[in-house]
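One structure is given here, and the rest of the page talks about it.
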Protein chains: 2
Amino acid sequence: MLFRIDAYSTVPIYEQIVSQVIFGVAAGVLRSGELIPSVRELGERVAVHPNTVARAYQELERQGVVTARRGRGMEVTPEAPKLCQTARREILCRRLRETLREAVSSQLSLEEIRRLVEEELARVNGQVK
Amino acid sequence: MLFRIDAYSTVPIYEQIVSQVIFGVAAGVLRSGELIPSVRELGERVAVHPNTVARAYQELERQGVVTARRGRGMEVTPEAPKLCQTARREILCRRLRETLREAVSSQLSLEEIRRLVEEELARVNGQVK
DNA sequence: ACTAGTGTACTAGCTGAATAGTACACATTA
DNA sequence: TAATGTGTACTATTCAGCTAGTACACTAGT
């Protein structure tokens, strides 16, 4: 699975990691019982300090998505898929809402907004393969 | 015009102000030749330090959206409407792209994504009046 | 000339995020 | 037993964002 940190994002790095693990589990790419990359491995992979990765993993453990196996790794919990599908929807809805609210309140027409959505969907769909 | 700061957003406050001025001009709510609220007035209105507002205004001046009339206020430039319509589209496209990329890469179907968009559009459209 | 507004600029301090480094306990494997 | 991985936790430092306070120059109105 591809983790991808946007250094220019205003979203803190550890939150980006949290979201991407959630999305990965929701997508079925990370499955219950499997281990997610260690803090050192993921830290190296995305050029981020292991403590920052550990911070993200701590939050994921708090949410019940993973459980720490000290000396072994972080394991995806049995209830993680459901948790993550719910969380994914919430995260996406909130982001869509923020963006669409700005679009609407800046007097773009609904038709224009829908057109932008379709353009970006087509573009993104072509990229994510 | 209603300025609205989301203190919980990860977007810095000064950037939220920048965007909202751009959206206001693009929407025709702020017109060329008019003055935008002073740094002190807007600072009070949104409970933000005038220096933070001044920082946003500095960026807007750099982008050519406003020009400083020292002792008078910040005036919307003649070319601001076009600039802001372009900028609005770019800002929204970027945000949509980020959100939709995450939606697609987390294996939500296009149909499901479209449904979420319509739900949030309906919701937001009902709110922004 | 004075007052009340405007923008601009500076110093100082706080908070959150991130990094760097280090060290310890646990688990697995050879 | 030793080596190599794992997570966890701590201190210290840096940086960005924001605030608070202060002061100065400009403009317009009285």
Side-chain angles (χ1 to χ4, degrees), chain A residues 1 3-21 24-25 30 32-77 80, chain B residues 1 3-21 24-25 30 32-77 80:
Chain A
M1 170 185 170
F3 282 87
R4 180 173 159 282
I5 296 303
D6 179 0
Y8 296 103
S9 174
T10 58
V11 176
I13 292 179
Y14 76 91
E15 276 195 34
Q16 293 182 48
I17 296 173
V18 168
S19 300
Q20 287 174 47
V21 170
V25 173
L30 297 168
S32 295
E34 284 182 8
L35 303 181
I36 63 180
S38 73
V39 300
R40 288 176 182 82
E41 185 199 337
L42 185 56
E44 279 195 43
R45 202 194 294 178
V46 294
V48 152
H49 201 272
N51 283 359
T52 303
V53 180
R55 175 152 179 201
Y57 284 10
Q58 197 168 42
E59 172 59 22
L60 288 160
E61 186 178 19
R62 191 193 64 77
Q63 292 184 24
V65 173
V66 296
T67 192
R69 304 297 190 204
R70 219 202 225 222
R72 270 192 85 243
M74 309 292 273
E75 186 180 323
V76 182
T77 59
Chain B
M1 170 182 173
F3 281 86
R4 179 173 162 282
I5 296 302
D6 178 2
Y8 296 102
S9 175
T10 58
V11 177
I13 293 179
Y14 76 90
E15 277 197 34
Q16 294 182 47
I17 296 173
V18 168
S19 301
Q20 288 175 47
V21 170
V25 173
L30 296 168
S32 293
E34 282 181 11
L35 302 180
I36 62 180
S38 74
V39 300
R40 289 175 180 83
E41 186 199 338
L42 185 56
E44 277 195 44
R45 203 194 292 178
V46 295
V48 153
H49 202 271
N51 284 359
T52 302
V53 180
R55 175 151 178 201
Y57 284 10
Q58 199 167 43
E59 171 60 22
L60 287 161
E61 186 179 18
R62 192 194 64 76
Q63 292 185 23
V65 175
V66 296
T67 191
R69 304 298 192 202
R70 217 203 226 219
R72 269 190 88 240
M74 309 293 274
E75 187 180 324
V76 181
T77 60

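Because only heavy atoms are used, hydrogens play no part in the values below, and waters and symmetry mates are left out as well, while side chains stay in. Chain identifiers are assigned alphabetically (A, B, ...) following the order of the sequence lines, protein sequences preceding nucleic acid strands; residue numbering begins at 1 within each chain.
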Can you measure [X] atom [atom1] to [N] atom [atom2] for me and round it to whole angstrom units?
| X | N | atom1 | atom2 | answer |
| --- | --- | --- | --- | --- |
| B/Asp6 | D/dC18 | CG | P | 12 Å |
| A/Tyr8 | D/dG17 | OH | C1' | 19 Å |
| A/Met74 | D/dG7 | CE | C1' | 7 Å |
| B/Ile36 | C/dG7 | CD1 | C1' | 11 Å |
| A/Ile5 | C/dA17 | CD1 | P | 15 Å |
| B/Leu35 | D/dT27 | CG | P | 14 Å |
| B/Ile17 | C/dG7 | CD1 | P | 13 Å |
| A/Glu59 | C/dG16 | CD | C1' | 15 Å |

Most 5' of A/Tyr57 and B/Pro12 on DNA chain D, judged by nearest nucleotide: A/Tyr57
Mapping A/Gly73 and A/Gln58 onto DNA chain D by nearest heavy atom, which one lands closer to the 5' end? A/Gly73
Closest heavy-atom contact between A/Val53 and A/Val39?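 That would be CG1-CA, 3.8 Å.
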Taking all atoms of both residues into account, what is the closest heavy-atom pair of B/Ser9 and B/Gln16, and its distance? CB-NE2, 3.6 Å
Out of [options], which has the shortest distance to the side chain of [X]?
| X | options | result |
| --- | --- | --- |
| B/Ile13 | D/dA9, D/dC18, C/dT8 | D/dC18 |
| B/Arg55 | C/dG7, D/dG17, C/dA27 | D/dG17 |
| B/Val39 | C/dT8, C/dA17, D/dA28 | C/dT8 |
| B/Arg70 | D/dC26, D/dG7, D/dT19 | D/dC26 |
| A/Ser38 | D/dG7, C/dT8, D/dG17 | D/dG7 |
| A/Ala68 | C/dA18, D/dT8, C/dT8 | D/dT8 |

Does A/Val48 reach the side chain of A/Tyr14, with side-chain heavy atoms less than 4.5 Å apart? no
Side-chain N or O of A/Tyr14 closer than 4.0 Å to phosphate OP1/OP2 of C/dA18: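 No, no such contact exists.
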I want to check one thing: is the phosphate of D/dC18, taken as OP1 and OP2, less than 4.0 Å away from some side-chain N or O of B/Thr52?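 Answer no for this pair, as no side-chain N or O of B/Thr52 is under 4.0 Å from OP1 or OP2.
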For A/Gln58, does the CD atom sit with more than 12 other heavy atoms under 6.0 Å from it, leaving out its own atoms?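 Open: at most 12 neighbouring heavy atoms sit under 6.0 Å from CD of A/Gln58.
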In this structure, are over 12 heavy atoms from other groups packed under 6.0 Å from B/Glu44 atom CD?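 Not more than 12 within 6.0 Å, no.
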Heavy atoms only, 4.0 Å cut-off, all strands: where does B/Glu15 land among base, sugar-phosphate and nothing? nothing
Mind checking if B/Glu61 touches a base, just sugar-phosphate, or nothing, with heavy atoms under 4.0 Å? sugar-phosphate
With hydrogens left out and only the distance checked, is there a donor-acceptor pair under 3.5 Å joining [X]'s side chain and the base of [N]?
| X | N | answer |
| --- | --- | --- |
| A/His49 | C/dA18 | no |
| B/Asn51 | D/dG21 | yes |
| A/Arg40 | D/dG5 | no |

So that I can tick it off, tell me whether A/Arg45 and A/Glu41 are bridged by a salt bridge, with the cut-off set at under 4.0 angstrom between side-chain N and carboxylate O. yes
